[in-house]
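Right, one structure below, let's go through it.
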Amino acid sequence: MSFLLHPFDDEIRHFHIACGVGSGAKGMSKARPRVGMVRGRMACIGGVDVDPACIRDFSRRLGTPGTVMDLFRRDDYTAFHGKEPPKGWREATAVDLRIAAGRKAPNIVFSSTPCKGASGLLPEAMAVTPKYQALNRLAEHSIELTLEAWADDLPEFILFENVPRIQVRGRAMIDRIIERLEARNYACAETVHDCGELGNLAQSRKRFLLVARQRDKIPPFLYEPPMRGLRTVGDVLEKLPPPGDMSMGLGHRVPALTWMTWVRLAFVEAGSDWRSLNKLAVEDGVLRDYRLVPEGHWRDGILGVNRLTDSSGAVIGSASALTGAFSVADPITPTLHGGALGVRPWDGQSGTVQGRSWPFNGNFAIGDIRPGLAKFSNVFRVVPTNRESPTISGGATPSAGGLCVADPHYLAKGSYQQFGVRPWDGQSGTITGQKSPGQGAFSIAAPMPGHALRSCAYGVNAWGDSTGTIAGETWPTNGNFSVGDPRCDWHPAAHRNKLKVVGTGGAAPTISCSVQPASGGLCVADPKAHTAHKGAGKYAVVAWGKGAAGTVIAASTTGHGAFAAADPRPHYLRDGREAYITAGMYGVLPMTGYAGAVNAHAKHDNGAWSVADGRDAQGNAPIGRLPDPKERLVCVIRALDGTWHRPFTTLELAALQSMVEPGEPFELDGTSDSRWREAIGNAVPEDAAEAIGNVFGQLILLVRSGRQQPIRHTPIWVRPVAIGATLDVPPLLI
């Protein structure tokens, strides 16, 4: 006789604070932990949130009633909203929390309170204001209510999820939360993980998770779930209908953007953002190198030219060169005026001689190869010296014929060498009545040393030399009327090394309390100077691995010397967080890439929330004109890479968050895209929550079945002591 042992289910209850639309709760409910013959059934017993629309979505998507609950204390409510609470408002209590959970004790409490005050998207100056500090305190208050609500039956696990920056901006609050948890015998660990790698998503979503394990109930370690890597955007989008297909609900509408925005997106390279637009050449507000050409329907073949032997397409009412192939390659020779100002070759044929055969009417001019026989054919002609001159006529001028000669005589004399300078060993030209330098070569290059007045302006005589003649104007600017005086006018007791400059290879003298150049050898001959001219090094940039900085002086600004460095470290050590530099406006993702974390305000103009869709796409009805730059519409522009650069639809953002079930329409409360997108961005990805739920659920089942935690090759989240290993036992067939 044989018996088949069937596995049985064991319920694991989870409760959610700031539950939103229930994405994290739904993901955890999909977890299926198993230990041997025991299967865990993850049961959501409720959730609370301040937004009634989110609670309606939570209740509908989970099948479990949610509760509208404001977790602010009165003072924090006033600080956040800037006014007193309305009449009838009261602070939530531990009893309210138990009622929201159906008066059941949860095994897992998951808190995901608002994180705006700790987000890097919020300037630090605003993050420290009373408004956002009050918002941050929701996390601390929710943990206090949890510990009070189930004080007699504490949850096995309490999880607090938020943005990673809360470890810095909310450090004091995190420390207070851990202190309260440890007072109730919870072991705590702070971790930062990528939800995309946990849930095998098409987005990288870094999150902070504080894990608290009740030591009295769960003695073993808690291991992190295995990392599954990231998927590509195309893996997600290819499973969805084409954008604009309303079978998946209103969320699959393509956003209507202005015509100028569509054009910008088309020119953004896939994988880049608005910075691609800097590569375009714009002249007088017009794009120089590209033209937008309508395609499809009746505009096919715009500016098309038909061969003479081909047939034309259908002739339409608006047939013109700009609306289709309505031009022809005509081989017929042009007739009247076709060759205006045309010139025929000497060995060619003339066209038909007409009544008005003028050069501007056609090809009625000829390239005549015969020598010119006209009266003035030799105008400005120059006759060589070995040829005869033509007949001397009455109008014997250069323009009347060949009446010029190429004279080889050297014109070294006379008045044709104005300002000429003769060599010392040469001859002078004829001395004329007007013999000034401007009238000929009446100057000479004299080799004699100059002794004239001012010949040694600013000259300095050596101490042991004689001076020149003392003239009437004995100034430094008139000659050698200065002397290198070796005598020093310092006080007899002055330091002997005043103004001394130490070489770079020498040692500096003793540094005294008066560290001035006049106090001793307190200057250095710095070989690192860039140039010697005044202002050298202004705004200079020192190479990272080669150059040395100049001497740091009191006025060390970029305008005074080389006080800037060419830093090769990418994005100022931002660890790849380029979005914090430019926010990635108008970013376009390739289908083979993955998205960043979907946030609450994901739009085409505040991040990389557009995609280069390579699938076939059809636009609306063809347009008869280019739209106005600010006209809002949905259109398809085929970009240079052959894809359609378009914004993600709301449904696609939900799919990136793993909130979309294949074949089922996605719907949230209301019809506002902005409200849907905010709810999607605030949600915990379902697949990541499922992965976390499997780990927690399995550990709870291990304890309930008396087993020990199996050894894994993944990091430990909470580690009180080392324990032995155990293996799952498969179903037995007896």
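Throughout, residue positions are numbered sequentially from 1 according to the sequence presented. On a predicted model such as this, the values are computed, not experimentally measured, just so you know.
Using a distance-only test at 3.5 Å, with no hydrogens or angles considered, no donor-acceptor pair links the side chain of Glu686 to the main chain of Lys26. A donor-acceptor pair under 3.5 Å links the side-chain atoms of Trp676 to the main chain of Gly670, judged by distance alone. Remark: the backbone N or O of Ala105 is paired with a side-chain donor or acceptor of Arg13 at under 3.5 angstrom. Distance alone, capped at 3.5 Å, is enough to place a donor-acceptor pair between the Thr191 side chain and the Leu209 backbone. A side-chain donor-acceptor contact under 3.5 Å links Ser29 to the backbone of Ala25. A donor-acceptor pair under 3.5 Å is absent between the side-chain atoms of Glu652 and the main chain of Val236, judged by distance alone. In this structure, Ser23 contributes its side chain and Val684 its backbone to a donor-acceptor pair below 3.5 Å.
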Practice item. Report the C-alpha separation of Leu147 and Leu154 in whole Å, then their side-chain angles, then the decisive distance to 0.1 Å, and conclude whether the side-chain contact (heavy atoms from CB on, under 4.5 Å) test is met. Key: CA-CA 7 Å; Leu147 296 175; Leu154 291 172; 4.2 Å; yes
Practice item. Check the pair Ile637 / Trp259 against side-chain contact (heavy atoms from CB on, under 4.5 Å), numbers first and verdict last. Key: CA-CA 10 Å; Ile637 299 179; Trp259 168 252; 4.1 Å; yes
Review point. Does the pair Gln657 and Gln203 meet the rule for a side-chain contact (heavy atoms from CB on, under 4.5 Å), with working shown?
Key: CA-CA 8 Å; Gln657 286 278 66; Gln203 65 167 308; 2.5 Å; yes
Point to revise | Lys217 vs Asp153, salt bridge (charged side-chain N to carboxylate O under 4.0 Å, His left out): CA-CA, chis, key distance, verdict | key: CA-CA 10 Å; Lys217 293 187 174 183; Asp153 190 6; 2.5 Å; yes
Practice item. Take Phe160 and Ile174, measure what side-chain contact (heavy atoms from CB on, under 4.5 Å) needs, and give me the verdict at the end. Key: CA-CA 10 Å; Phe160 170 53; Ile174 294 295; 3.8 Å; yes
Review point. Given the rule in the salt bridge (charged side-chain N to carboxylate O under 4.0 Å, His left out) test, do Glu269 and Lys279 qualify, once you have shown the distances and angles that lead to the verdict?
Key: CA-CA 10 Å; Glu269 299 168 344; Lys279 302 177 183 179; 3.1 Å; yes
Practice item. Kindly determine whether Lys630 and Asp628 satisfy salt bridge (charged side-chain N to carboxylate O under 4.0 Å, His left out), including the steps that lead there. Key: CA-CA 5 Å; Lys630 295 184 179 180; Asp628 182 83; over 6 Å; no
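The shortest heavy-atom contact between Pro130 and Ala79 is O-CB, 3.9 Å. Looking at every heavy atom in both residues, Cys188 comes nearest to Glu182 through SG-CG, 4.3 Å. Here the closest non-hydrogen pair linking Ala94 and Leu145 is N-CD2, 3.8 Å. Between Pro164 and Phe208, the shortest heavy-atom contact is CA-CB, 3.8 Å. In terms of heavy atoms, Arg184 sits closest to Ala151 at NH1-CB, 4.0 Å. Closest heavy-atom contact between Thr67 and Ala100: OG1-CB, 3.6 Å.
In this structure, the side chain to side chain contact (heavy atoms under 4.5 Å, CB included) partners of Ser204, at least two apart in sequence or on a different chain, are Asp194, Lys206, Leu230, Tyr594. Every ring pair (Phe, Tyr, Trp, His ring centres under 6.0 Å) that Phe267 has, sequence neighbours left out, goes to Tyr290. Residues satisfying the ring pair (Phe, Tyr, Trp, His ring centres under 6.0 Å) criterion with His14, sequence neighbours excluded, are His16. Contacts of Arg231 classified as side chain to side chain donor-acceptor pair (under 3.5 Å), with partners at least two apart in sequence or in another chain: none.
Using a 4.5 Å cut-off on side-chain heavy atoms (C-beta onward), Val660 and Met248 make contact. Taking the side chain as every heavy atom from C-beta outward, Arg207 and Cys195 approach each other to under 4.5 Å. In this structure, Pro665 and Leu651 have side chains that are not in contact, with every pair of non-hydrogen atoms separated by 4.5 Å or more. The shortest side-chain heavy-atom distance between Pro155 and Tyr186 falls under the 4.5 Å cut-off. Side-chain contact between Thr146 and Leu97: present, with at least one pair of heavy atoms (C-beta onward) separated by less than 4.5 Å. In this structure, the side chains of Pro52 and Arg56 come closer than 4.5 Å at one or more pairs of heavy atoms. In this structure the side chain of Leu159 never reaches within 4.5 angstrom of the side chain of Leu210, judged on heavy atoms. Residues Phe72 and Val50 fail the side-chain proximity criterion, which asks for heavy atoms closer than 4.5 Å.
Within the model, atoms CZ of Arg632 and CG of Leu257 stand 6.5 Å from one another, a figure rounded to the nearest 0.5 Å. In this structure, the separation between CG on Asp76 and NE2 on His81 is 10.0 Å, given to the nearest 0.5 Å. With rounding to the nearest 0.5 Å, the separation of CD1 in Ile55 from CG in Leu62 is 10.0 Å. For the atom pair CG (Leu71) and NE2 (His141), the distance works out to 6.5 Å, reported to the nearest 0.5 Å. If you take CE on Met173 and CG on Asn136, they are separated by 5.5 Å, rounding to the nearest 0.5 Å. Here the CG-CG distance, from Asp273 to Leu265, works out to 11.5 Å after rounding to the nearest 0.5 Å.
Note on Arg171 versus Glu190: salt bridge recorded, some NZ/NE/NH1/NH2 to OD/OE distance being below 4.0 Å. Using a cutoff of 4.0 Å between basic side-chain nitrogens and carboxylate oxygens, Arg61 and Asp669 are not scored as salt-bridged.
A donor atom on one side chain and an acceptor atom on the other are found under 3.5 Å apart for Thr232 and Asp235.
Within the structure, no pair that satisfies the side chain to side chain donor-acceptor pair (under 3.5 Å) test touches residues 687-696, not counting sequence neighbours. Residue pairs meeting the salt bridge (charged side-chain N to carboxylate O under 4.0 Å, His left out) criterion with at least one member in residues 94-110, sequence neighbours excluded, are Arg90-Asp96.
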